[in-house]
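Here, residue 1 is the first one in the sequence, and each next residue gets the next number.
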Amino acid sequence: MTPTADIVIIGGGANGTSTAFHLAAMGARHVRLLERRHLAAGATGKSGALVRMHYTNEHEARLALESLRIFRDFRAIVGGECGFEAPGFLQLVPPGYEAALRRNLARQQRLGIETREVSREDIRTLFPECRTDDIGAAAWEPGSGYADPSATAYGFAAAAQRLGVTVETGCEVTRILTERGRVTGVETAAGRVQAPVVVLVPGAWAQPLLDPLGLDFGLQPFRIQVSLFRWPAALTRKHPVVIDAGQKAWIRPVDGSLTLIGVELGAAYGGDPDKLHEGVDEGYVALCRERLGHRLPLFADSTMRGGWAGMIMMSPDGRPIIDRIPSVEGLYVMLGDSGTSFKTSPAIGKCLAEWILEGQPRTADLAPFGASRFAEGRPWIDEDNYGRERLTISR
């Protein structure tokens, strides 16, 4: 007998598991999450997992704010632990972008985000090790920080299972089934599952499922790397999370007296995502040490302690595609997040659940994330960017 479900979710990362949890929490039954490998096996497990509100647009900032409330209260709302810690977050911008930062701060403050501009003197108090002479302006979010990406996905999945969701790992979906323009289920390596609704959040494995449906959103896979460095002896406490727009880098502390750094130097990847080289390149380590030492001079001779590479999917404008696809009734997608959607995954899952069960998302307006913007010649460009119209700092 062919298995059936009311809703099938393809992908067991933070967004897929968040969607599963929120659907079940809102009363959905017969939800089945299918993951081709293990939970958090893709971009989620490789994420730097920053949890910050600072975006150069209101829409992603709103999703981040709604998500922060869940990260902070994860045990009470979801159950279990997500590893959220809040050492504070600094957004640094180079000279010439002071006015843009202030306009972005004004938008964020109107949303209720706890953030403010800080001076160089303030930074020296908050983060004495941070070089400030080449900073144009900076913003401080005292309640932001980072989480554990795998723990977050596993926490959402466990909570979803407690509420009746079926989670199947090692179950590869090979095709989304349709009839007369609407979803009828999925084909897996083990057989078919009938369902009238499918939520597609498979990360780098999206295109083979989109192609038979005639859907092409211009997604491009990118290989992204990060490196870990040991703290110098002089650093004895966790430092803030930092996005350094001038250095095109981000850093955050890691348990074990380590600092994680990513430099926005992703390379387009045309190979099989299952054959991605997951180690860090030697030249990239040197670049990370240079950027880290520039902003935090005491790290100039720090010992490299590890690193990894993962794959993200870039949309043509670097912003996520979160939509209900009109040409395939019953198909919802979260695609091309460009490496920024871990921090917004709690709200994205909630919005998708509201859309599926109530007909529209209530938590946030998802219209700006619609797939039709590309066909209509309306790519998303933030007016108050920091010199990076398309690419955002990943993670």
- Query: Less than 4.0 Å between a side-chain N and a carboxylate O, is that true for Arg62 and Asp365?
  - Reply: no
- Task: Taking only Lys NZ, Arg NE, NH1 and NH2, and the carboxylate oxygens of Asp or Glu, determine whether Lys238 and Glu85 approach each other closer than 4.0 Å.
- Result: yes
Taking every non-hydrogen atom, the tightest pair across [X] and [Y]:
X	Y	result
His277	Ala309	O-CB, 3.5 Å
Thr152	Phe74	O-CZ, 3.9 Å
Phe299	Arg230	CE2-O, 3.8 Å

- Which residues satisfy the ring pair (Phe, Tyr, Trp, His ring centres under 6.0 Å) test with Phe127, sequence neighbours excluded?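 By the ring pair (Phe, Tyr, Trp, His ring centres under 6.0 Å) rule, Phe127 matches His239.
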Side chain of [X], backbone of [Y]: donor and acceptor closer than 3.5 Å?
X	Y	result
Glu66	Thr363	no
Asp323	Ile325	no
Gln225	Asp281	yes
Glu354	Arg362	yes
Asp73	Arg69	no
Trp231	Leu258	yes

- Please check if atom CD in Glu282 has more than 12 non-hydrogen atoms from other residues, nucleotides or ligands closer than 6.0 Å. no
- Can you establish whether the number of heavy atoms outside Asp274 located under 6.0 Å from its atom CG is more than 12? yes
- Looking at Phe369, is Arg373 sitting on its ring face, NZ or CZ under 6.0 Å from the six-membered ring centre and within 45 degrees of the normal?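 Cation-pi check for Arg373 and Phe369: fails.
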- Query: Tell me, which pairs form a salt bridge (charged side-chain N to carboxylate O under 4.0 Å, His left out) where one or both residues lie in residues 110-120, sequence neighbours left out?
  - Reply: Arg102-Glu117
- Item | Aromatic plane relationship, His59 with Trp380 - under 30° parallel, 30 to 60° tilted, over 60° perpendicular |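 Rings of Trp380 and His59: perpendicular, over 60°.
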- Message: Between Tyr146 and Phe342, is the ring centroid distance below 6.0 Å?
- Response: no
- Message: Considering only residues two or more places apart or on different chains, which pairs with a residue in residues 3-23 satisfy side-chain hydrogen bond (donor to acceptor under 3.5 Å, both in side chains)?
- Response: Asn15-Ser341, Ser18-His22
